[in-house]
Colleague: 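Below you'll find the structure I mean.
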Amino acid sequence: MDINIDIILDDLKEGKSQRTKDSLDNLNTLLETEFNKDEHDYSIAHIGRLSKASGGISTVSIRNKSGNHYRLLIDAWATKANTTMKKPPSPQSRKYDVASDMELLQYLSDPAMRAVFGQIIAEKNKLKSENRILKQNIEVNIDMRPNKIAPINQNSQVVQVLPSLSGMLLDSDIEALQDAIKEEKINKLGWTVSKYGAIKDEVGRTLFKTGFVLAIKKVLAQV
């Protein structure tokens, strides 16, 4: 940014003691050196440390209420360098920065692929939000098929995750379940189905426990 530091410096020196003027000049020289570097760090801690090492004002002097003119000069140089007085992240930390989901989407040139992965990201964020809600409760009953969350009892702090099988089973899965309880196949094998949903062989031994057929029918009714 085009900022005339000389004008700002002269204004800051107006009415100050010679000692303060000298300190401002020394600080200005240091800040100009910082400006000419590839990496700009105009944080008070960093500038104060460099200044103290070169015989100038300390970090405390810059932070003090009476050091406002020093801070204004630092801020002017930071603005000129298109940055702030905040400590910049170290190169080491930036090296291991992980791009956000939306940043990663920009690498996909195909709009269709972006739409697909955008939907996946949205679903992931939804599940993370639901997970945070579940963690806030003392007891959690998870059906492993999260779709929507509904409280069982407002006073018990128990959360029930209601099941939804829509879209979870492949066509082959559905066909396999239908075939398992097909009446013609069961009769052909000589088996029978009790009124409580158990499957028994030709001598009455239980092959599949009570509720087996009923459970499969309930699953099929959901898909």
Side-chain angles (χ1 to χ4, degrees), residues 1-137 146 148-149:
M1 184 175 292
D2 187 17
I3 293 179
N4 194 320
I5 297 295
D6 291 335
I7 294 177
I8 295 175
L9 179 61
D10 288 340
D11 184 63
L12 292 173
K13 291 164 68 174
E14 184 74 26
K16 300 295 190 299
S17 66
Q18 187 58 47
R19 181 178 180 181
T20 299
K21 291 179 181 179
D22 291 341
S23 295
L24 283 168
D25 285 334
N26 293 333
L27 178 61
N28 187 65
T29 300
L30 185 152
L31 293 169
E32 185 175 7
T33 301
E34 187 69 21
F35 179 80
N36 293 325
K37 293 180 180 179
D38 292 333
E39 296 287 338
H40 300 139
D41 185 350
Y42 287 101
S43 64
I44 293 177
H46 177 70
I47 297 300
R49 185 167 54 253
L50 294 179
S51 176
K52 185 67 175 178
S54 62
I57 57 175
S58 65
T59 301
V60 175
S61 297
I62 298 173
R63 292 189 187 278
N64 283 343
K65 185 177 181 180
S66 58
N68 185 55
H69 44 281
Y70 299 130
R71 295 193 297 274
L72 289 173
L73 183 59
I74 296 172
D75 184 61
W77 276 103
T79 303
K80 185 178 180 67
N82 295 316
T83 184
T84 67
M85 292 172 61
K86 292 183 179 180
K87 182 74 175 176
S90 66
Q92 183 72 9
S93 65
R94 287 198 298 268
K95 178 181 178 181
Y96 295 102
D97 277 351
V98 178
S100 68
D101 292 335
M102 301 312 297
E103 288 174 338
L104 291 174
L105 276 181
Q106 303 309 311
Y107 289 101
L108 297 175
S109 57
D110 187 339
M113 291 296 293
R114 281 202 302 270
V116 171
F117 280 96
Q119 183 63 34
I120 293 174
I121 291 171
E123 184 65 21
K124 182 203 71 172
N125 292 336
K126 174 187 173 185
L127 292 176
K128 286 176 67 176
S129 176
E130 292 177 350
N131 187 48
R132 283 195 298 269
I133 294 174
L134 292 174
K135 286 181 178 180
Q136 295 173 359
N137 293 272
K148 60 180 180 178
I149 301 173

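Worth saying up front: this structure is predicted, and the values here are computed from it rather than measured.
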Colleague: Hey, could you give me the OG1/CZ distance between Thr83 and Phe35, rounded to the nearest 0.5 Å?
Modeller: 11.5 Å
Colleague: Can a donor-acceptor pair be found, under 3.5 Å and without considering hydrogens, that links the side chain of Ser58 to the backbone of Lys52?
Modeller: no
Colleague: Decide if atom NZ of Lys87 counts as having more than 12 heavy atoms of other residues, nucleotides or ligands within a radius under 6.0 Å.
Modeller: yes
Colleague: Can you confirm whether Trp77 sits close enough to Glu34 that some side-chain heavy atom of one is under 4.5 Å from a side-chain heavy atom of the other?
Modeller: no
Colleague: Over all heavy atoms of both residues, which pair between Ala81 and Tyr42 is shortest? Give the atoms and the distance, please.
Modeller: CB-CE1, 3.8 Å
Colleague: When you look at CD of Gln18, are more than 12 heavy atoms from neighbouring residues, nucleotides or ligands closer to it than 6.0 Å?
Modeller: yes
Colleague: Whether the side chain of Ser54 engages the backbone of Leu50 through a donor-acceptor N/O pair (distance < 3.5 Å, no angle test) should be reported.
Modeller: yes
Colleague: Heavy-atom distance under 4.5 Å between the side chains of Thr29 and Asp25, does that happen here?
Modeller: no
Colleague: With rounding to the nearest 0.5 Å, note down the distance linking CD1 in Ile74 to CE in Met85.
Modeller: 5.0 Å
Colleague: Output the distance between atom OH (Tyr70) and atom CD1 (Ile57), rounded to the nearest 0.5 Å.
Modeller: 5.0 Å
Colleague: Using side chain to side chain donor-acceptor pair (under 3.5 Å), reason through Glu32 and Asn36 one step at a time and then give a plain yes or no.
Modeller: CA-CA 6 Å; Glu32 185 175 7; Asn36 293 325; 4.9 Å; no
Colleague: How far does NE2 of His40 sit from CG of Leu31, to the nearest 0.5 angstrom?
Modeller: 11.0 Å
Colleague: Main chain of Asp22, side chain of Asn26: is a donor-acceptor contact present, judged purely on distance under 3.5 Å?
Modeller: yes
Colleague: Would you give the length of the straight line joining atom CG of Leu24 to atom CG of Leu73, rounded to the nearest 0.5 angstrom?
Modeller: 6.0 Å
Colleague: Is there a donor in the side chain of Ser43 and an acceptor in the side chain of Asp41, or the other way round, less than 3.5 Å apart?
Modeller: yes
Colleague: Would you sort out whether Ile7 and Asp11 count as a side-chain contact (heavy atoms from CB on, under 4.5 Å), showing the intermediate values?
Modeller: CA-CA 6 Å; Ile7 294 177; Asp11 184 63; 5.6 Å; no
Colleague: Without swapping roles, check the side chain of Arg63 against the backbone of Arg71 for a donor-acceptor pair under 3.5 Å.
Modeller: no
Colleague: Supply the atom-to-atom distance Ile62 CD1 to His69 NE2, rounded to the nearest 0.5 angstrom.
Modeller: 10.0 Å
Colleague: Evaluate side-chain contact (heavy atoms from CB on, under 4.5 Å) for Leu72 paired with Ile8, printing each intermediate quantity in order.
Modeller: CA-CA 9 Å; Leu72 289 173; Ile8 295 175; 5.9 Å; no
